[in-house]
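Residue numbering restarts at 1 for every chain, and letters A, B, ... go by the order of the sequence lines.
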Amino acid sequence: MDLRLTDEELAFRDEVRAFFRQALPAGIRGRLEAGHHPTRDDIVTWQRILNAEGWAVPHWPVEWGGTGWSPVKQYIFMEEMQMAPAPQPLQFGVSMVGPVIYTFGSEAQKRRFLPRIANIDDWWCQGFSEPGAGSDLASLKTRAERQGDVYVVNGQKTWTTLAQHADWIFCLVRTDPAAKKQMGISFLLIDMKTPGITVRPIQTIDGGCEVNEVFFDDVRVPAENLVGEENKGWDYAKFLLGNERVGIARVGVSKERIRRIKQLAAIEQAGGRPLIEDRRFREKLAAVEIELKALEITQMRVVAAEGKRAPGKPDPASSVLKIKGSELQQATTELLMDVIGPYALPYDPHEEGANEEPILEDWAATIAPSYFNNRKVSIYGGSNEIQKNIIAKAVLGL
Amino acid sequence: MDLRLTDEELAFRDEVRAFFRQALPAGIRGRLEAGHHPTRDDIVTWQRILNAEGWAVPHWPVEWGGTGWSPVKQYIFMEEMQMAPAPQPLQFGVSMVGPVIYTFGSEAQKRRFLPRIANIDDWWCQGFSEPGAGSDLASLKTRAERQGDVYVVNGQKTWTTLAQHADWIFCLVRTDPAAKKQMGISFLLIDMKTPGITVRPIQTIDGGCEVNEVFFDDVRVPAENLVGEENKGWDYAKFLLGNERVGIARVGVSKERIRRIKQLAAIEQAGGRPLIEDRRFREKLAAVEIELKALEITQMRVVAAEGKRAPGKPDPASSVLKIKGSELQQATTELLMDVIGPYALPYDPHEEGANEEPILEDWAATIAPSYFNNRKVSIYGGSNEIQKNIIAKAVLGL
Amino acid sequence: MDFDLTDEQRLLKDSVEKMLADAYDFEARKRIVASGQGFSPEIWASFAELGLLGLPFAEEHGGFGAGPVETMIVMEAFGGALVVEPYLATVILGGGLVRHAGSPAQQSAILPAVAAGERRLAFAHAERQARYDLFDVETAARRDGDGWTINGRKGLVLGGDTADTLVVSARTAGASRDRHGIGLFVVDADAPGVARRGYPTQDGARAAEITLENVRVEAGAVLGDPAGALPVIERVVEEAIAALCAEAVGAMESALASTVEYLKTRQQFGTPIGAFQALQHRAADMLVALEQARSMALFATMMAGAADPRERRAAISGAKVQVGRSARFIGQQAIQLHGGVGMTMEFRIGHVFKRLTMIDTLFGDADHHLALAAEAGGLINA
Amino acid sequence: MDFDLTDEQRLLKDSVEKMLADAYDFEARKRIVASGQGFSPEIWASFAELGLLGLPFAEEHGGFGAGPVETMIVMEAFGGALVVEPYLATVILGGGLVRHAGSPAQQSAILPAVAAGERRLAFAHAERQARYDLFDVETAARRDGDGWTINGRKGLVLGGDTADTLVVSARTAGASRDRHGIGLFVVDADAPGVARRGYPTQDGARAAEITLENVRVEAGAVLGDPAGALPVIERVVEEAIAALCAEAVGAMESALASTVEYLKTRQQFGTPIGAFQALQHRAADMLVALEQARSMALFATMMAGAADPRERRAAISGAKVQVGRSARFIGQQAIQLHGGVGMTMEFRIGHVFKRLTMIDTLFGDADHHLALAAEAGGLINA
């Protein structure tokens, strides 16, 4: 038993870290360090840099571009990327639809889509949630009716993250309305340029527009875009959601934020001296660091056990990662609120090319929006309440 | 609107305070200040002093010894008593069975029992809970079968507080086994000296023996000891439990404990100086004081609205008092644990007449037991979970 | 002890609530926020008409001579409706400084116009380095003949971008964190040398960063003692904190009501989500937090005028701590229980959450005031 | 990175667990506690037989030269069974001091007897005024010819009433809170001038207050540097904290298991109470707290021997904070969910709760270690 990385793992970490330091464009790094979301271009640029290095999709099968790394190495790679800080690869492609396609898709689908996902030639988004189907995903209503060679899709999806940039959407649609709930759902790949699709942005409380509604009005989708078998889509979705939990704790993101907190608290003044010298603040920070260190080790335990599980069967302990991970992401944004104190007040979206001078330092202006925005992390991807249901039932047997 | 006491209320408070200062025996005060439970004799002695003053049962109807005080004055009286600190009057008599008897009892029962309750000539205990009927009280199983002039009682009660001293027990018993749950329950007064009653003490985790099991084996109870009508006992119990919530927040007890915490933290050393000078400790203490002040005002709001409600119809807000009141009683015992620090460890029950020297100061030896013991306050009298159910349903309409 | 409103107070409460119900629903508020002015002239006129803008002023100044309970009533209603108008800035802060520190002449010159809705005030006090310390003032006022010349930078000036008149704090003596040496100056917002950078705030109101460069004012512009203004600043800020506590209670009430409504109507797994016990208990916890905050807002209202400064400070700080903590809990849980829709600008609850968040940071957050309450010896007399 | 046990470690775990399952159920423990001795001679002999009493000692001293992982395995099993025997006192504290600070001669004189179960040790260090500061020592050792004379009072000496040999810390130089000037002395528990007042602890074990009045020891009784023992004391206490963290994990596991079992069987309102979602979520929160504590207990185990003292201290303190907080939450919730029976001595869970409570107060509670972790600069390298 040894929590430390082996010499080989350490060497790997150093290699990854060195590459990130050299290859990550300074502009992207700067924006992320200041607490901004990466832009569409940031994500594409970085993904192509990774792809050129052969590191675009480490967890995929080697024949489709995977690296064959151990779970520990994949974990190191992800952590280092979060701490760089570099943009996270677009999950909808590399972590969601990609694995579904290489596991359940046809040969034609694999050849058509997988290389384009790895190089982010296609921007993917996820069409699961509907206005009436959130935590209770299986009650979704979007219909797909088979008419000869096409499915005709009607309905509405919502909370579709970054759909405004999307070339493709993978959808859960109901193909057998007579079947009960989980039965009768299929997994369909839909080109966003197909006539009948409308995207409506939803502005979130931080002022951003990450999510959208997507409306389908007699959208004709070639039947060859069905993944796997008709009416088996729920199985593929469960597989996908299982994979989604990998890295859900986002420990690297929180660690990077702790680093920023320490830097900024050394600058901001409280009581006539740097805030970092205030004992209460330091203890509050240390308490979060302790929980984060614990979570990091919990995550390492899950990763180390990863190799011993069947693929697509997530460790039920991943619910622990989701709950604590989201709590700590939120706690770190609250610490940043402590750092900036009263100057959280100005709303300074700071659009490029604006006439007026910014009111605040770039890093300061993102703090309140980031606090607001991070309330979502305990809601999406299976709310923390759903995660506790899972623990009670699947782990504790209640 | 004025939160301050009126001049008349202030004068009343001073009068009560002065009386308590003069009339409360020093030995009793000392034991309570050191964190001990009052003994049986302490409770009896103090109740008789109050009775001699005409203050034994302020909230009762004037014809049975009540004082006719406003709810505010009753509240002041109770607070001052808790802060004196004086023993609480035995609730099972003055707050529970007494009001049931003067509201629902026969004239004979009133004349027989009420004066003896006021003077604590009879020590009463409560026979409600059973091993299978805790939060779900209505599922109780103890049977009372009418045979001519008597009820024959068989069954078991538990968590019977201070039954070891009791002369009488008031019981909920099932008189109609065919009726459903709440129906078919009667309210019976039983002399503890009746043959067939066995009391078995239950030792609690603080080392004390406050509670008991009470077994009934063919116990013959005169039918005249039935309160009100047969099979209507559940109504009387609901009335009683409503009254039980008055003063449930025990703000005075927590205030008195805060006073002790401040005194003791000025003596105990941490980091080479008095603990009270430690900023973290002081802020932790202040946080509890703030919640307690808020609760005190919340309680005053409930008290002020008291006169406007039908008797026996508790304010649903009393669930707020129970939840927060119990949390703060527990928080103050945790602060005492902080005060004593590592010296919480010795178990020093400190029996009178023991040969050995005590290990700790008297006040120090009660701290850990008091912390352990106070875990009960969020369990008994309707657990905090039950209180939250009540709020959700009765207040929020969920 | 008495928690009842007088008939007049009840009338005030009813009329404010009616006015807001008629004219200040969520759509109306959106339009006001979108206007970029930070207030609606019509709403402001209604405030004047109802007598709200002179509520605490003397009758001779067009006011009602009302006390803290009346302010509490108004602010609680404003909190419930998420009012963005600079009432706190104009009436409580600016008006309060003139009322408490101004000469009769200054009061007559300023307050009647405020009460009539013809003049808006703002208090230019905070500075970037000061965080929550009221005595940390670097902006300097230099004697200049009969008058003064002011130089410095002020920030987070609530309503500062559209105010007609600023009350500016500036140091006339001492070092930047001395308690002594701070003065208050009435400055025309358009005076030469005053540069304002207005901006929206996170919660839909407006504020400004203000630069003062060789701003010259006459001797008559000084409010009270030119080197001894800190006590009056503290007093007015304490009154503002009490008012904010009341506003927060109104906002928390509205957050809880919206959450309970959502729990009753939102269906998942074939049942309203309010049927789930874990969510019921969360809502119950929110109610407990709300009632505790309400009690402390009452306490702050009663104690804002108390004679003993230690007791007063402990009470005000205690209230700010309780309100800050309750507001954080209720705000966060309201979003959580609303799920996705709580995260959207289209839905009202997110705006309540943001206002509650900002109230915590105004005039000292819960941590700051916990330290003050502890220094003042706590709230329970030992 | 590797979380697997070696075959030897798994064997150790299995055999300790089997021994406890056979001989240390709740009834057996009750009898040991009731004996008033604080241990069972039979159990102690079984420990010796299994090699537990010499686990970390060198083979030449009858030990196995095992590392912190082996200690963790044993302590976690002890926590699960609520073992009251003075293993920590004898093997980790007393044995650790001799092992790290003793001369070869001292080690040979003491450790083999400990490993064989023939001698029990105790560490007489804490004093009433010191609270959690390891350097706060007022007990004094004065040079006396070739040897030393010790005077002072020691408290909370775990296993101190039945130990054969005491390791006593005493000041040979400096003022009472100086880091320099502390020595360690091996003292026969029956030596003239040693007075022991043994007592039960809240959690069913035994400890003692010890008075030393002109206790005379030879020069050979000094362990290591007579004025420089603080570093070794700190090191051994860090090892003890790591061991206590593991014990707490075992106890928390047992608390959660008992709670889940109770939720499944206890009926109210016609259904097992585990069907209520609010209680399900509470149990889930307990699991999260347990897993976090388990991770930090692992971390403490790995870091107890780390070279960098700042990193080591932060890790150990961080673990004590996490374990203390998790233990408080899990202990309190376990009682709450058990309801009335949780409050009784007859039921096992109350004893688990009391042990968890006391572990928090041993060698510094969560607040104390949070301050130390913050002083050490936290756990995430910035």
Side-chain angles (χ1 to χ4, degrees), chain A residues 129 131-139 158-159 181 202-211 268-272 275 278 280-281 284 330 334 337-338 340-349 356-360 367-369 371-373 375-376 378-380 383-386 388-389 392, chain C residues 126 128-133 136 155-156 158 176-177 197-209 266-271 273 276 278-279 282 328 331-332 335-347 349-351 353-354 357-358 360-365 367-368 370-371:
Chain A
S129 294
S135 294
D136 183 13
L137 183 58
S139 66
T158 192
W159 312 127
K181 276 199 117 169
I202 301 174
Q203 197 183 21
T204 46
I205 52 175
D206 56 319
C209 283
E210 292 178 325
V211 287
E268 285 292 304
Q269 298 289 303
L275 177 63
D278 179 85
R280 180 177 359 90
F281 178 79
K284 226 172 142 176
Q330 294 175 337
E334 294 189 41
M337 288 290 279
D338 287 343
I340 192 65
Y343 264 90
L345 189 69
Y347 176 66
D348 189 13
E356 290 189 299
E357 276 285 285
I359 301 148
L360 291 173
I367 286 178
Y371 168 63
F372 298 144
N373 183 275
R375 299 315 306 169
K376 76 185 176 195
S378 51
I379 296 172
Y380 69 17
S383 71
N384 283 12
E385 289 78 14
I386 295 286
K388 289 182 190 177
N389 287 348
Chain C
R128 182 75 173 90
Q129 81 290 344
R131 201 171 165 91
Y132 297 122
D133 293 332
D136 189 337
L156 305 175
L158 301 176
S176 65
R177 291 175 55 82
R197 163 77 160 94
Y199 51 82
T201 59
Q202 296 287 350
D203 48 6
R206 301 275 307 173
E209 302 294 290
R266 169 72 171 170
Q267 305 266 329
Q268 292 277 275
F269 304 104
T271 173
I273 60 174
F276 292 106
L279 307 192
R282 201 83 56 81
R328 180 172 298 208
Q332 292 180 347
I335 300 296
Q336 183 72 19
L337 296 186
H338 277 81
V341 299
M343 290 295 302
T344 69
M345 287 289 242
E346 293 165 43
F347 220 83
I349 192 67
H351 301 266
F353 167 58
K354 291 200 281 185
T357 304
M358 288 305 132
D360 184 38
T361 73
L362 289 173
F363 304 113
D365 61 14
D367 280 351
H368 176 76
L370 181 59

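- With A/Arg375 contributing its side chain and C/Gly342 its backbone, the two residues share no donor-acceptor pair below 3.5 Å.
- For a residue to count as touching a neighbouring chain, one of its non-hydrogen atoms must lie under 4.5 Å from one of that chain's; by this rule C/Asp367 touches chain A with backbone and side chain alike.
- Only the side chain of C/Leu158 has a heavy atom closer than 4.5 Å to any heavy atom of chain A.
- When all heavy atoms are compared, the tightest approach of A/Pro369 to C/Gln202 is CD-NE2, 3.6 Å.
- Among C/Thr361, C/Thr201, C/Asp203, the residue making the largest number of heavy-atom pairs under 4.5 Å with chain A is C/Thr201.
- A donor-acceptor pair is defined here as one N or O able to donate and one able to accept, closer than 3.5 Å; no such pair exists between the side chain of A/Gln269 and the backbone of C/Gln129.
- Looking at A/Ala133, the atoms closer than 4.5 Å to chain C (heavy atoms on both sides) all sit in the backbone: N, CA, C or O.
- Ranked by non-hydrogen atom pairs under 4.5 Å with chain A, the options C/Glu209, C/Arg197, C/Arg177 are led by C/Arg197.
- Interface residue A/Lys284: only side-chain heavy atoms are found under 4.5 Å from chain C.
- Between the A/Gln203 side chain and the C/Met345 main chain, no donor and acceptor come within less than 3.5 Å of each other.
- Neither the backbone nor the side chain of C/Arg206 comes within contact range of chain A, judged by heavy atoms closer than 4.5 Å.
- If you tally non-hydrogen atom pairs under 4.5 Å between each of C/Asp136, C/Asp365, C/Leu156 and chain A, the highest count goes to C/Leu156.
- Interface remark: C/Met358 contributes side-chain atoms only to the contact with chain A (heavy atom separation under 4.5 Å).
- When all heavy atoms of C/Thr357 and A/Tyr371 are compared, the closest pair comes out as CG2-CE2, 3.6 Å.
- Annotation for A/Pro346 and C/Tyr199: closest pair CB-CE1, 3.4 Å, computed over non-hydrogen atoms.
- Across all their heavy atoms, C/Gln336 and A/Ile379 have their closest contact at OE1-CG1, 3.6 Å.
- Rounding to the nearest 0.5 Å places CD of C/Glu346 at 6.0 Å from CD1 of A/Ile202.
- Of the listed residues C/His351, C/Arg282, C/His338, the one with more heavy-atom pairs under 4.5 angstrom with chain A than any other is C/Arg282.
- At a 4.5 Å heavy-atom cutoff, C/Ile273 makes no contact with chain A through either its backbone or its side chain.
- Taking C/His368, C/Arg328, C/Gln267 one by one and counting their heavy-atom pairs under 4.5 Å with chain A, the maximum is reached by C/Arg328.
- Note: C/Phe353 and A/Phe372 have perpendicular aromatic rings, judged against thresholds of 30 and 60 degrees for the angle between ring planes.
- Contact annotation for A/Asp338: both backbone and side-chain heavy atoms come within less than 4.5 Å of a heavy atom of chain C.
- Nearest heavy atoms, C/Arg131 versus A/Ile340: NH1-C, 4.3 Å.
- Neither the backbone nor the side chain of A/Gln330 comes within contact range of chain C, judged by heavy atoms closer than 4.5 Å.
- For chain C, the option among A/Gly132, A/Ser129, A/Ser139 with the highest count of heavy-atom pairs below 4.5 Å is A/Gly132.
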